[in-house]
Amino acid sequence: QQPLDVRVYSVDGSLVRTLFTGTAAGPEFSVVWDGRRDGGTVASSGVYFYRIRSGGESFTGKMLMLR
């Protein structure tokens with residue numbers, strides 16, 4: 001088990017939502033972003049980036065949210 005961190009960022013690099021911080025229970029793990037910000041407000045349509053960090057490695061991907 002390794003620490004896992006999953007976050008969503010806007011195109012300007014600001015943090016939109018922390019989806020998970022902790023330890024994953026197994027090798028397969030999933031999270032779902034409901035389109036809300038950390039404060040609970042709805043994020044606008046547009047391009048967002050997600051970052052997954054685990055075991056000293058990091059992966060960043062791009063996604064498009066449409067409302």
Side-chain angles (χ1 to χ4, degrees):
Q1 293 183 1
Q2 297 202 12
L4 178 66
D5 185 69
V6 183
R7 297 173 190 244
V8 176
Y9 295 90
S10 64
V11 292
D12 68 1
S14 60
L15 178 65
V16 173
R17 179 89 184 256
T18 299
L19 296 177
F20 183 83
T21 299
T23 303
E28 294 185 22
F29 186 81
S30 65
V31 293
V32 176
W33 180 38
D34 62 2
R36 296 187 182 276
R37 299 177 172 277
D38 274 336
T41 60
V42 176
S44 60
S45 295
V47 175
Y48 292 87
F49 294 91
Y50 58 91
R51 178 176 290 152
I52 303 168
R53 291 183 181 172
S54 179
E57 295 185 31
S58 179
F59 174 80
T60 302
K62 183 169 49 171
M63 61 185 164
L64 177 64
M65 184 176 63
L66 298 174
R67 292 231 171 248

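Under the 4.5 Å side-chain heavy-atom criterion for grouping Ile, Leu, Val, Met, Phe, Trp and Tyr, L64 is not connected to V32 through any hydrophobic cluster. V11 is not connected to Y50 by any chain of hydrophobic side-chain contacts under 4.5 Å among Ile, Leu, Val, Met, Phe, Trp and Tyr, and they are in different clusters. A continuous path of hydrophobic side-chain contacts links F49 to L66 [ILVMFWY only; heavy atoms under 4.5 Å]. Grouping the Ile, Leu, Val, Met, Phe, Trp and Tyr side chains by contacts below 4.5 angstrom, directly or via other members, places L15 apart from F20.
The two atoms that bring G35 and R67 nearest to each other are O-NH2, 3.1 Å, heavy atoms only.
Here the side chain of D5 pairs no donor or acceptor atom with the backbone of G22 at under 3.5 angstrom. With R36 contributing its side chain and G40 its backbone, the two residues share a donor-acceptor pair below 3.5 Å.
L4 is listed as a side-chain neighbour of I52, based on a closest heavy-atom distance under 4.5 Å. For the pair S45/M65, no side-chain contact is recorded, criterion being any heavy-atom separation below 4.5 Å from C-beta on.
Between the OG atom in S10 and the CZ atom in R17 there is a gap of 15.0 Å [rounded to 0.5 Å]. Considering CD of Q2 and OG of S54, their distance stands at 5.0 Å, rounded to 0.5 Å. Once rounded to the nearest 0.5 Å, the distance linking CZ of R53 with OG1 of T60 reads 7.5 Å.
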Verdict with supporting geometry, V47 and M63, side chain to side chain contact (heavy atoms under 4.5 Å, CB included): CA-CA 6 Å; V47 175; M63 61 185 164; over 6 Å; no
Worked check of side chain to side chain contact (heavy atoms under 4.5 Å, CB included) between V42 and R37: CA-CA 6 Å; V42 176; R37 299 177 172 277; over 6 Å; no
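The aromatic rings of Y48 and W33 lie perpendicular to each other, with more than 60° between the two planes, well past the 30° mark.
Stacking of R51 on the aromatic ring of Y9 is recorded, both the 6.0 Å distance cut-off and the 45° axial limit being met.
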